[in-house]
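Whatever order the structure lists them in is the order used to number ligands and atoms, beginning at 1. Just so we're clear, the structure is a prediction, and the values are computed from it rather than from any experiment.
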Amino acid sequence: MEMMEKAEYITPEVEDMVVLRNIVKRFGRVVASDHVNIEIKRNEFFSLLGPSGSGKTTLLRIIAGLEKPDEGVVILEGKDVTNLPPYKRNIGMVFQHLALFPHMTVFENIAYGLRLRKFPEDEIKRKVYDALELVRMPPETFAERKPSQLSGGQQQRVAIARALVTQPAVLLLDEPLGALDLKIRQHMMLELKRIQRTVGTTFVYVTHDQGEALVMSDRIAVIHDGRVEQVGTPYEVYERPKTRFVANFIGESNFLEGTIKEGVVETSFGPVRVGAKMPSGKRVVVSLRPERIRVGKRARDAVNSFRGRIREIVYKGDVLIVMVRLDDTELKVNVPATHPEAAKLREGDEIEVGWDPGDEAGVFEAEAE
Ligand code: ATP
């Protein structure tokens with residue numbers, strides 16, 4: 001597609017709200033975005049997930065127009081906006097270090113964007129009150145407070161109300177829960193998801209926290225070194241990671257090394273059968289989630305069944321984390337506290353562990369990282 005001077009109308013009812021096409025962004029020798037292609041749908045809660053420095057914020061800033069890509073095209077609602085400044089893009093933004101105006105009341109903070117757009121006073125009041133109700137802050141209690149009279153979670157709700165009140169097509173959120181305590185963060189995750197479902201606005205959410213991304217998102221793009229490793233639903237990226245990086249970054253994984261021989265992975269502790277057919281001779285790693293490994297009778301019945309020794313047991317209330325030595329490999333096994341044999345497990349004892357072909361999250365080439 002050619003660069004255009006002005007936003008050009010392409011199609012009225014587009015399904016893709018945000019399209020990044022072949023985006024490249026360099027800062028000196030750092031390639032912060034390396035040929036990124038992402039399509040975000042209308043009404044989607046879409047997360048950009050990756051470790052610090054992977055390039056998530058850069059992508060968000062490119063969507064916002066705060067950063068101009070060296071190559072590639074940004075399309076919002078079917079219009080090429082690559083050369084449009086931020087204020088001409090129909091977007092709202094919420095950041096971790098929010099910038100509520102400290103000298104203004106909650107009401108005036110939220111009303112700000114509406115005043116700029118010259119809405120009549122009665123409409124401003126109705127919209128601000130609706131926005132406060134949406135984020136569950138009763139206007140009669142909160143409208144006249146100053147930001148300093150609010151908790152961190154409440155301030156973040158006001159920031160969200162302020163960003164949504166002008167009804168942007170897309171809301172961009174950069175680690176908005178990062179500064180909150182764990183309990184409030186967990187609560188706000190569910191709140192954000194509820195708000196998104198209620199308003200139907202497309203959310204693009206930047207986080208390095210896989211828990212947040214899994215809980216809230218319709219789909220997740222996993223970013224690594226400026227590249228998109230995988231785009232998928234929470235289920236897909238967790239259960240079927242496409243790369244070793246994704247298997248490692250999302251959730252926990254045991255990585256079992258071996259060489260394929262007649263369809264079986266020969267490891268140091270014995271043959272491991274996997275779901276997929278693989279050509280002989282390859283060095284691979286099998287990714288196996290700790291909760292997929294069974295113990296006790298169901299371990300003995302499994303296709304892949306081994307005897308090991310318990311090195312350590314860590315009690316976590318709902319699960320026991322059991323570290324099991326198999327030859328020179330150590331397996332992390334999650335045993336539910338309700339498992340009939342959980343109470344019998346002792347450090348130093350022998351234990352049977354087992355799983356079936358297909359229980360593995362993936363099989364990757366050993367050199368893949
Ligand atoms: P974090 O979670 O730490 O914010 P991130 O995934 O959002 O990380 P970015 O902020 O997008 O990552 O940064 C990606 C890379 O680009 C990093 O190596 C960063 O140092 C570099 N970078 C980002 N902005 C600039 C800039 N304005 N000037 C120079 N380098 C930059």
Side-chain angles (χ1 to χ4, degrees), residues 18-40 44-76 81-86 89 91-99 152 156 159-160 163 170-182 185-186 188-189 192 202-217 219-232 234 237-238 241-251 369:
V18 182
V19 178
L20 298 178
R21 203 168 281 163
N22 252 318
I23 295 291
V24 177
K25 178 70 188 177
R26 298 183 195 88
F27 294 107
R29 287 163 59 192
V30 175
V31 185
S33 311
D34 190 358
H35 298 90
V36 170
N37 286 287
I38 292 177
E39 288 161 13
I40 302 170
E44 224 178 1
F45 197 126
F46 192 95
S47 292
L48 301 169
L49 172 66
S52 182
S54 57
K56 312 175 293 287
T57 298
T58 300
L59 288 177
L60 207 69
R61 290 172 59 82
I62 285 172
I63 296 171
L66 297 168
E67 210 76 74
K68 200 168 157 21
D70 298 320
E71 296 171 33
V73 177
V74 182
I75 299 170
L76 290 182
V81 298
T82 316
N83 294 316
L84 282 190
R89 302 183 184 195
I91 46 168
M93 283 182 261
V94 180
F95 297 107
Q96 176 178 345
H97 301 290
L98 41 100
Q156 210 46 283
I160 292 161
V170 181
L171 186 65
L172 307 178
L173 305 104
D174 194 351
E175 308 250 5
L177 310 183
L180 304 178
D181 295 343
L182 178 65
R185 199 161 70 224
Q186 287 171 335
M188 280 299 288
M189 280 186 219
L192 265 177
T202 304
F203 277 31
V204 186
Y205 190 95
V206 160
T207 183
H208 64 270
D209 185 315
Q210 41 123 356
E212 282 184 13
L214 290 175
V215 166
M216 291 190 285
S217 314
R219 287 190 307 150
I220 298 169
V222 183
I223 314 288
H224 178 214
D225 282 348
R227 283 175 289 107
V228 177
E229 292 263 332
Q230 183 171 358
V231 178
V237 295
Y238 186 86
K242 280 203 177 136
T243 65
R244 181 176 174 163
F245 176 83
V246 175
N248 194 32
F249 189 70
I250 298 185
E369 208 176 359

Please list, chain by chain and in numerical order, all residues satisfying salt bridge (charged side-chain N to carboxylate O under 4.0 Å, His left out) with Glu44, sequence neighbours excluded.
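Scan of Glu44 (salt bridge (charged side-chain N to carboxylate O under 4.0 Å, His left out), adjacent residues dropped) gives Arg219.
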With sequence neighbours left out, what residues match Glu212 under salt bridge (charged side-chain N to carboxylate O under 4.0 Å, His left out)?
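Per chain and number, Glu212 pairs via salt bridge (charged side-chain N to carboxylate O under 4.0 Å, His left out) with Arg185.
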Any non-hydrogen side-chain atom of Leu177 less than 4.5 Å from a side-chain atom of Met189?
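Yes - at least one pair of side-chain heavy atoms lies under 4.5 Å apart.
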Answer whether the closest heavy-atom distance between the side chains of Leu214 and Ile220 falls below 4.5 Å.
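Yes, close enough: below the 4.5 Å cut-off.
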As a test of reading the model: which residues have a non-hydrogen atom less than 4.0 Å away from ligand 1?
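Lining ligand 1: Phe27, Val30, Ala32, Pro51, Ser52, Gly53, Ser54, Gly55, Lys56, Thr57, Thr58.
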Considering only NZ, NE, NH1 and NH2 on the basic side and carboxylate oxygens on the acidic side, decide whether Arg244 and Glu229 come within less than 4.0 Å.
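Glu229 and Arg244: not salt-bridged.
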With sequence neighbours left out, which residue pairs that include part of residues 47-57 fulfil the salt bridge (charged side-chain N to carboxylate O under 4.0 Å, His left out) condition?
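Matches after skipping sequence neighbours: none remain.
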